[in-house]
Amino acid sequence: MSELLPDFTLVRPATVAEAVAALAREGAQILAGGTDKLVQLRRGLAVPDVLVDIGAIDEMQGVAAEGEGLRIGAAVTLASLARDPLARAYASLAEAAACVAAPGHRAVATIGGNLCLDTRCLYYNQSHWWRQSNDFCLKYQGTVCHVAPRGNRCRAAFSGDLAPALMVHGATLEIAGPEGRRRVALAEFYVEDGAGFLTLAPGELIVAIHLPAPAGPSAYAKLRVRKSIDFPLAGVALARTERGFDIALTGTNSCPKMVNFDVPFSPDDAYFTALEKAVQKAASPQRTTTIQPHYRRLAIAALAARTARALA
Ligand SMILES: Cc1cc2nc3c(=O)[nH]c(=O)nc-3n(C[C@H](O)[C@H](O)[C@H](O)COP(=O)(O)OP(=O)(O)OC[C@H]3O[C@@H](n4cnc5c(N)ncnc54)[C@H](O)[C@@H]3O)c2cc1C
Ligand code: SF4
């Protein structure tokens, strides 16, 4: 298989209803900014018959105040989100948007595409011939997981930066599909399975993200090899609440993960040590990158404790 784009029909609906109708066609898939989708097309990891470009749908654009909170269209770009004055009230979100990939990517990459970004693994994000020479793998076209050969589920890592940053602010998604519209809490949108990590039904798309008023200050911190461009090896978002902190992770599990940490805040070392331990426990990095899982687990916990101290 070459690295040329496969044949497909491109459609550009003007409304959400038209997009839903287009997605009902055989082999239809969504194209937003295309910063990940185009790579997948070239690598033979996505083979759509119809690509539904959602870039011309007005309802999916714009950031607007909604009561005390915010509504963000799913096709809003990360560059505009990072500099949006309303979005800045949610510091973890603006910080996460500003550290995705490089400026050229962020100019077209969307928040919806980021939330639906496919999970990543050393054995998966490769060319067709590379994967073929390895007998493919359990996630796509193969039968064995090279990361955990005795297991029967894919351990690829969810590596989107925005999901944890939104989760700590209690975001909900507005989803449209053949059955109409529904809302779901972002924290319940994912499942821990690298091959099927989204709970989107066939033909559904994210239309918008809704945020309540920010509960308190927040921040996002990220570990990566090259600061100028890379995916997170591990990323953590924290929001200060009346109780203590809401914490969410990315890059370490097959879905973005809220950390269960119900310890009332106290400004002493024992509190931050307990927070660090809770993050270590929740993080479950696997051999899906060239960086050792043990290092990623310790680093994400240290990063979380450091960020919590700064916010406190
Ligand atoms: C060199 C490089 C570095 C990168 N670094 C990072 C990084 O540091 N952090 C990071 O998070 N990402 C990174 N990415 C991945 C990607 O650029 C971002 O995740 C981006 O936000 C994806 O958005 P997009 O609009 O381009 O999505 P697309 O590539 O268009 O789509 C991504 C997926 O989402 C689906 N999708 C898109 N919109 C919707 C919607 N509204 N509803 C339902 N499904 C939808 C698509 O069908 C596709 O499966 C990197 C990519 C590259 C090439
Ligand atoms: S974790 Fe296993 S099944 Fe999943 S992409 Fe990697 S090698 Fe494939």
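Residue indices begin at 1 and follow the sequence shown. Atoms within each ligand, like the ligands themselves, are counted from 1 in listed order. Atoms considered below: every heavy atom in the structure, side chains included; atoms not considered: hydrogens, waters and symmetry mates.
Atoms of ligand 2 lying under 4.0 Å from any heavy atom of L138, numbered from 1 in the order shown and given with element: 3 (S). Listed by number with element, the atoms of ligand 2 under 4.0 Å from a non-hydrogen atom of H146 are 2 (Fe), 7 (S). The distance from ligand 1 to the heavy atoms of L200 drops below 4.0 Å at these ligand atoms: 43 (C). In summary, the atoms of ligand 1 found under 4.0 Å from a heavy atom of S159, numbered by their order in the structure, are 10 (C), 11 (O). Interface atoms of ligand 1 facing I54, defined by a heavy-atom separation under 4.0 Å, are 38 (N), 41 (N). Atoms of ligand 1 lying under 4.0 Å from any heavy atom of G33, numbered from 1 in the order shown and given with element: 24 (P), 25 (O), 26 (O), 30 (O). Numbered from 1 in the order shown, with element, the atoms of ligand 1 that lie under 4.0 Å from a heavy atom of M60 read 41 (N). Of all the atoms in ligand 1, the ones that sit under 4.0 Å from a non-hydrogen atom of D230 are 7 (C), 8 (O). Near A32, meaning under 4.0 Å from one of its heavy atoms, ligand 1 places the atoms 25 (O), 30 (O), 37 (C), 38 (N). Here is the list of ligand 1 atoms found below 4.0 Å of a heavy atom in T35: 16 (C), 17 (O), 18 (C), 20 (C), 22 (C), 23 (O), 24 (P), 26 (O), 29 (O), 53 (C). Annotation for ligand 2: atoms under 4.0 Å from non-hydrogen atoms of C121 are 1 (S), 5 (S), 6 (Fe), 7 (S).
The side chain of L78, and not its backbone, has at least one atom closer than 4.0 Å to an atom of ligand 1 (non-hydrogen atoms only; side chain from C-beta on). Using a 4.0 Å cut-off between heavy atoms, K37 contacts ligand 1 through both its backbone and its side chain. Only the side chain of K222 comes within contact range of ligand 1, with a heavy atom under 4.0 Å; no backbone atom does.
Taken to the nearest 0.5 Å, the CD1 atom of I209 stands 6.5 Å off from the CG atom of L166.
Ligand 1 has no atom lying under 4.0 Å from any heavy atom of Q29. Contact annotation: A156 has at least one heavy atom less than 4.0 Å from an atom of ligand 2.
If you check which protein heavy atom lies closest to atom 8 (Fe) of ligand 2, you get C137 SG, 2.3 Å. The closest protein non-hydrogen atom to atom 4 (Fe) of ligand 2 is C154 SG, 2.4 Å.
Residue C145: no N/O/S atom is found under 2.8 Å from atom 4 (Fe) of ligand 2.
Ion pair R224/D161 not flagged as a salt bridge, since none of the NZ, NE, NH1 or NH2 atoms sits closer than 4.0 Å to an Asp/Glu carboxylate oxygen.
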